[in-house]
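Encoded as C-alpha cells, the structure appears first; notes follow it.
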Amino acid sequence: MPELPEVETVKNELSPHIIGRCITGITLLWEGIVREPSAAEFRSRVTGQKITGITRHGKYLFFRLGSDDLLLIHLKMTGSLIIGQHSAEPPEYTQAIIHLEGETDIFFRDPRKFGLMRLVKDKSSITVKLGPEPLEAEFTPGVLAGLLPKRKAPIKALLFDQEFIAGIGNMYADEALYMAKIHPLRPGESLSPEEIGRLYNAIQRVLRTAIIHKGASVVNYLRPDGSPGTAHFDFKVAHGTGKYCANCGTAIKRIVVRNRGTYFCPKCQVI
DNA sequence: AAGAGACCCTGGATGC
DNA sequence: TGCATCCAGGGTCTCT
C-alpha cells in the first residue's frame, strides 16, 4: 500500500526520468482513472505539456505542467507508476499510459482501480485538508502534543487520518505504535507527554527507515523500475498474522479499528 | 466539531 | 476440482 515512504520513493525515482520532458500523448485503457475533467479534455490539456516539476503532499503526487496545470496522481491502495519503453508491452493491470518524448512511457498500473488522476489549477484545495507533514522540520513533538487534547478517537485512527497527520496509513501507524509501546485503542487525549515523545520519535524512525528501504511491497506496490521495496522486511507487527513479538515473544494480535486491520503486541502495548 | 460507518473495487486467499 | 465467500484499505461521503 503506498503510504508516505512509498509515494516519496516514487517521486524520487521518477523525477530524473520525467522532469523537463514533454508529454506526447495519453492512453487511457480505463477512462475512469481520470476523475476530472472529462477524458477528452484531460487528454487535450495534458498532451504537449512539459513536466516542469514533481512534488508530494501526504500521499498525493503533483506533476507541474508548463501550462501551470497540475496533474494530480493518487495511487490509493494498489497503484504503481512504472517507467518503461514505448515499445514495451504494458504491465498487467495497466489502466493508463503517459507517453513522453524520447521513447519513455509511464505505466499507471492499478489492479483494483482505486487510483486516480485529476487536473487541478491550484493544489491548495487538496493540501488545505492535510495535516502536518511528519518529516518536515515544522513537525515537532510540541506540534504533535498540540493535536491531541480533546481527541477521544483511538490513537490508531488519528494516525491514519490525513487531516491529523499527512502521509501515514495503516501499516506505518501500526509500526509506529508498536515501536512507541502504545496500545492502538488508547484515546488520543490520554497520551502522557512521555508517550507523545516516544510516538513522535517512532513516527520519524519508522518513516525514515522505510524511505531508506524504498518503501514496503506488501501487496502490489512497485518502484518505478518495477522492483519491490524492502521496508516490509523490517515490519514488526504490520500484517503480522502468525507473527510473534520480537521483544517478548507474545503472539501478535489483530483487531479492527475504523475498518482497518490493526496489529499489535498485547503484552508490550497495554491499554 | 468529532467520531463512526458505508462505499468503491477486484485479485487472491480461504472454505466447503 | 470448482465454486462461493471473504478480505485488503486508500479517500470520500453521510449520518449522528
Side-chain angles (χ1 to χ4, degrees), chain A residues 1-11 28-36 56-62 72-81 91-96 108-118 120 123 125-131 133-134 146-177 184-191 207 210 215-222 228-229 231-232 235 237-243 252-264:
Chain A
M1 335 280 168
E3 301 182 22
L4 187 153
E6 289 75 28
V7 181
E8 180 71 14
T9 299
V10 170
K11 186 199 79 177
L28 298 176
L29 299 168
W30 174 59
E31 289 200 347
I33 199 165
V34 176
R35 303 303 158 89
E36 73 169 330
R56 178 193 62 75
H57 296 268
K59 304 172 192 173
Y60 292 87
L61 280 176
F62 292 93
L72 176 162
I73 292 183
H74 200 298
L75 300 173
K76 294 289 184 95
M77 280 173 59
T78 55
S80 300
L81 296 175
E92 199 178 9
Y93 310 121
T94 294
Q95 312 295 355
F108 193 157
R109 177 184 179 276
D110 189 3
R112 292 190 204 169
K113 296 182 168 178
F114 280 86
L116 60 89
M117 295 195 283
R118 205 182 281 268
V120 295
K123 66 185 173 193
S125 61
I126 301 290
T127 56
V128 74
K129 295 183 208 153
L130 295 176
E133 283 284 334
L147 295 173
L148 288 167
K150 297 184 182 169
R151 297 305 297 262
K152 300 183 190 310
I155 186 63
K156 163 74 188 267
L158 293 174
L159 284 180
F160 67 69
D161 178 350
Q162 300 305 294
E163 295 185 38
F164 185 79
I165 299 177
I168 298 177
N170 199 39
M171 301 183 298
Y172 294 106
D174 279 357
E175 289 299 311
L177 287 171
L185 290 179
R186 288 277 303 280
E189 63 179 4
S190 75
L191 269 60
L207 295 180
S217 293
V218 175
V219 277
N220 292 306
Y221 162 77
L222 293 172
H232 52 295
F235 282 179
V237 288
H239 302 281
T241 304
K243 280 188 200 167
I252 296 304
K253 192 174 174 189
R254 178 183 188 271
I255 58 175
V256 175
V257 180
R258 287 279 212 288
N259 266 336
R260 306 288 187 257
T262 296
Y263 300 86
F264 68 105

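Residue numbers begin at 1 in each chain, while the letters A, B, ... track the order of the sequences. All heavy atoms count here, side chains included; hydrogens, waters and symmetry mates do not.
Between the P atom of B/dC9 and the CG atom of A/Leu75 lies a distance of 18 Å, rounded to the nearest Å. The nearest whole Å value for the distance from the CZ atom in A/Phe160 to the P atom in C/dT12 is 14 Å. The interatomic distance linking A/Trp30 (CH2) with B/dT10 (P) rounds to 7 Å, in whole Å. The separation between A/Glu3 atom CD and C/dA8 atom P is 15 Å, rounded to whole Å. Taking atom NZ of A/Lys76 as the reference point, atom C1' of B/dC9 lies 11 Å away to the nearest angstrom. Distance CZ (A/Arg112) to P (C/dC7): 13 Å, rounded to an integer number of Å. Look at CE on A/Met77: it is 11 Å from C1' on C/dG11, rounded to the nearest Å. Across the protein-nucleic acid pair, A/Lys129 atom NZ and C/dG11 atom P stand 12 Å apart, rounded to whole Å.
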Per-nucleotide protein contact along nucleotides 3-8 of chain B, 5' to 3', at a 4.0 Å heavy-atom cut-off (B base, S sugar-phosphate only, - neither), is SB-B-B
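Judged by distance alone, the side chain of A/Asn170 and the main-chain N or O of A/Arg260 form no donor-acceptor pair under 3.5 Å. The closest donor-acceptor contact from the side chain of A/Gln162 to the backbone of A/Gly131 lies at 3.5 Å or more, if one exists at all. With hydrogens and angles disregarded, a donor-acceptor distance shorter than 3.5 Å links the side chain of A/Thr127 to the backbone of A/Lys123. Looking only at distances, a side-chain donor or acceptor of A/Glu3 sits under 3.5 Å from a matching main-chain atom of A/Met171.
Look at A/Arg254 and you'll find a side-chain N or O under 4.0 angstrom from OP1 or OP2 of C/dA8. For the pair A/Lys113 and B/dT10, the criterion of a side-chain N or O lying under 4.0 Å from OP1 or OP2 is met.
Residue A/His74 has its side chain nearest to C/dG11 when only C/dG11, C/dA8, B/dG12 are considered.
Heavy atoms of A/Gly115 sit nowhere under 4.0 angstrom from any nucleic acid atom. Using a 4.0 Å heavy-atom distance criterion, A/Tyr60 is classed as a sugar-phosphate-only contact.
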Review point. Which is it for A/Tyr60 and A/Arg118 under the side chain to side chain contact (heavy atoms under 4.5 Å, CB included) test, yes or no, and what are the steps along the way?
Key: CA-CA 11 Å; A/Tyr60 292 87; A/Arg118 205 182 281 268; over 6 Å; no
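Residues A/Leu61 and A/Arg56 are in side-chain contact: their nearest non-hydrogen atoms beyond the backbone lie under 4.5 Å apart.
Comparing the local axis fitted to the first five base pairs of the helix from B/dA2-C/dT16 to B/dC16-C/dG2 with the one fitted to its last five gives a bend of 50°, rounded to 10°.
The stretch residues 153-167 of chain A participates, sequence neighbours left out, in these salt bridge (Lys or Arg N to Asp or Glu O under 4.0 Å) pairs: A/Lys156-A/Asp174.
Closest non-hydrogen pair, A/Ile33 versus A/Gly115, comes out as CG1-O, 3.7 Å.
Within 6.0 Å of the NZ atom in A/Lys253, the count of heavy atoms belonging to other residues, nucleotides or ligands does not exceed 12.
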